[in-house]
2 protein chains.
Amino acid sequence: MEATIEVILEEGYAAATSRKVAARAGVKQALVYYYFPTMDDLFLAVVRGGAEVTFERQRRALEENDPLRALWLISGDARATKLNTEFMALANHRKVVSAELKRSSERIRDIETAAVTMVLRAHGVDLEKYPPVVMSMILTGMARNLRNEEAVGVTAGHAELSAFIERFIDEYSSAPSPDRDA
Amino acid sequence: MEATIEVILEEGYAAATSRKVAARAGVKQALVYYYFPTMDDLFLAVVRGGAEVTFERQRRALEENDPLRALWLISGDARATKLNTEFMALANHRKVVSAELKRSSERIRDIETAAVTMVLRAHGVDLEKYPPVVMSMILTGMARNLRNEEAVGVTAGHAELSAFIERFIDEYSSAPSPDRDA
DNA sequence: GTCTATAATGCGATAGAC
DNA sequence: GTCTATCGCATTATAGAC
């Protein structure tokens with residue numbers, strides 16, 4: 001019943017009503033309440049499912065040979081980013097959503113930071129001076145910010161930022177050279 | 001009639017109905033439609049007003065002796081950030097809001113970038129290697145991201161990121177030393 | 001300018017048939 | 001499992017009194 005996602009992406013979370021979701025799924029409104037007792041339960045399931053997908057993608061990225069680039073690409077997924085923004089706004093007035101979003105975000109942040117730690121350590125970077133969690137937050141945060149801005153049509157500085165980040169990623173995707181600084 | 005802002009901050013944009021806004025402002029519902037023909041007009045006025053306030057604050061920051069820190073602090077304003085997130089979600093299904101948000105964002109980005117350009121140039125930084133617009137986007141973007149995460153209770157990595165950014169700001173708030181690299 | 005009253009629509013949720 | 005039908009309530013917006 002995650003036709004909910006489509007409605008949210010197209011018209012915003014406020015449009016994700018039991019009637020519209022049902023129509024999109026090709027069923028009648030009352031059936032929504034057969035699977036999800038309340039709308040809160042539906043939203044919770046959608047948040048959980050979305051987080052699970054992202055978490056799995058990030059987990060697999062850990063095993064790739066270019067984790068930083070994978071992190072950058074996954075975090076910049078337009079669909080997931082837009083959904084996340086809607087969930088953030090939704091969390092503002094549905095506390096069960098807020099709690100779930102917190103759990104999911106921290107879980108994903110942990111695995112992202114693990115990936116960055118691995119890469120920086122392999123390249124002999126001073127982890128005190130350049131904490132992996134910070135690099136992880138900037139990398140994933142800016143990827144999301146770009147998509148958010150694109151969603152309203154803002155593109156100023158995007159090319160420059162992408163080039164800058166990709167230059168950074170390139171530096172750490174080559175073979176390790178342990179005596180290099182940042 | 002910007003009691004609308006309070007309602008949005010407390011319960012999200014979807015709760016900003018003519019009735020709730022009117023109640024908060026201490027008037028009757030119908031009066032909202034006397035000042036704003038439709039709810040779209042009301043939201044538009046709120047977005048415009050909020051952007052104007054931020055723009056003016058950033059403009060004044062340009063004249064201060066520590067523009068980078070001012071940028072960081074203004075961009076991390078909890079109220080403005082939360083409002084902006086709601087507007088982003090609101091823009092998803094109200095195109096007039098989307099257009100206004102685009103205009104405002106680009107205008108603010110321009111003045112932010114001007115401030116960063118000034119500082120970097122005064123310190124003799126290679127502007128090709130470290131484009132001001134990129135530094136401006138990271139500085140303001142991450143400030144907002146921190147507040148957004150705090151809103152759902154996520155604080156992992158926040159202390160580290162703040163320390164990292166502030167170390168950067170400190171470097172460029174002291175007297176210029178033109179032969180330094182980043 | 002501010003109000004009361006109301007029309008038309010859509011909402012979450014439930015009852016109960018099949 | 002899926003449906004029809006419905007309750008009670010909130011919504012945007014308008015008409016019209018004062």
Side-chain angles (χ1 to χ4, degrees), chain A residues 1-50 82-83 85-101 152, chain B residues 1-50 82-83 85-101 152:
Chain A
M1 208 70 80
E2 325 298 31
T4 309
I5 293 177
E6 295 176 25
V7 177
I8 292 179
L9 288 177
E10 288 167 21
E11 307 176 64
Y13 77 80
T17 64
S18 57
R19 281 170 172 79
K20 277 191 183 158
V21 167
R24 171 65 65 131
V27 297
K28 298 297 174 180
Q29 182 238 0
L31 195 58
V32 173
Y33 292 94
Y34 174 78
Y35 290 100
F36 305 98
T38 70
M39 288 303 283
D40 263 15
D41 295 307
L42 171 57
F43 285 124
L44 207 54
V46 173
V47 173
R48 244 191 273 265
K82 202 166 178 183
L83 258 186
T85 303
E86 292 291 330
F87 289 155
M88 295 266 301
L90 185 60
N92 198 4
H93 70 285
R94 290 200 191 245
K95 48 189 176 184
V96 291
V97 170
S98 175
E100 180 57 35
L101 209 53
V152 297
Chain B
M1 209 68 81
E2 324 298 33
T4 308
I5 292 177
E6 295 175 26
V7 177
I8 292 180
L9 289 177
E10 288 167 21
E11 307 176 64
Y13 78 80
T17 64
S18 57
R19 278 174 170 76
K20 278 192 182 155
V21 168
R24 172 66 64 131
V27 298
K28 298 298 173 179
Q29 182 241 357
L31 196 58
V32 173
Y33 291 93
Y34 174 78
Y35 289 100
F36 304 98
T38 72
M39 290 303 282
D40 262 17
D41 295 307
L42 171 57
F43 285 124
L44 206 55
V46 172
V47 173
R48 244 192 272 266
K82 202 166 177 183
L83 258 186
T85 301
E86 292 291 331
F87 288 156
M88 295 265 303
L90 186 60
N92 197 5
H93 70 284
R94 291 200 190 244
K95 47 189 176 182
V96 292
V97 170
S98 175
E100 179 57 35
L101 210 52
V152 295

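Numbers restart at 1 for each chain; the letters A, B, ... are given by sequence-line order, proteins then strands.
Distance, A:Asp40 CG to C:dC11 P: 17 Å, rounded to whole Å. The separation between B:Asp41 atom CG and D:dA13 atom C1' is 13 Å, rounded to whole Å. Straight-line distance from the NE2 atom of A:His93 to the C1' atom of C:dG12: 13 Å, rounded to whole Å. Atom OH of A:Tyr34 and atom P of C:dA13 are 18 Å apart (whole Å). Rounded to whole Å, the distance from CZ on A:Phe36 to P on C:dC11 is 18 Å. If you take CE of A:Met39 and P of C:dG10, they are 16 Å apart, rounded to a whole angstrom.
Between A:Arg94 and A:Met39 there is a side-chain heavy-atom pair separated by less than 4.5 Å. Inter-residue side-chain proximity for A:Lys82 and B:Asn92 is flagged as met; some heavy-atom pair is nearer than 4.5 Å. A 4.5 Å side-chain heavy-atom check between A:Phe87 and A:Ile8 finds at least one atom pair inside the cut-off. Using a 4.5 Å heavy-atom cutoff, the side chains of A:Val46 and A:Leu42 are in contact.
Taking the side chain of B:Tyr33 as heavy atoms from C-beta on, and the options C:dT2, D:dT2, D:dT14, the nearest nucleotide is D:dT14. Relative to the side chain of A:Val27, the nucleotides D:dG1, D:dC3, C:dT2 differ in distance, and D:dC3 lies closest. The side chain of B:Lys28 has C:dC3 as its nearest neighbour among D:dA13, D:dG1, C:dC3. Residue B:Leu31 places its side chain closer to C:dT2 than to any other of D:dG1, D:dT4, C:dT2.
A salt bridge is defined here as a Lys NZ or Arg NE, NH1 or NH2 lying under 4.0 Å from an Asp or Glu carboxylate O, and A:Arg24 with A:Glu10 meets this definition.
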Give each protein N/O atom lying under 3.5 Å from an N/O atom of nucleotides 6-11 of chain D, with the pair distance.
unit_1	atom_1	unit_2	atom_2	d
D:dT11	OP1	B:Thr17	OG1	3.2

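Of all heavy-atom pairs spanning B:Thr4 and B:Ala16, the tightest one is CG2-CB, 4.3 Å.
Side-chain rings of A:His93 and A:Tyr13 approach one another, their centers coming within less than 6.0 Å.
OP1 or OP2 of D:dT2 has at least one side-chain nitrogen or oxygen of A:Tyr35 nearer than 4.0 Å.
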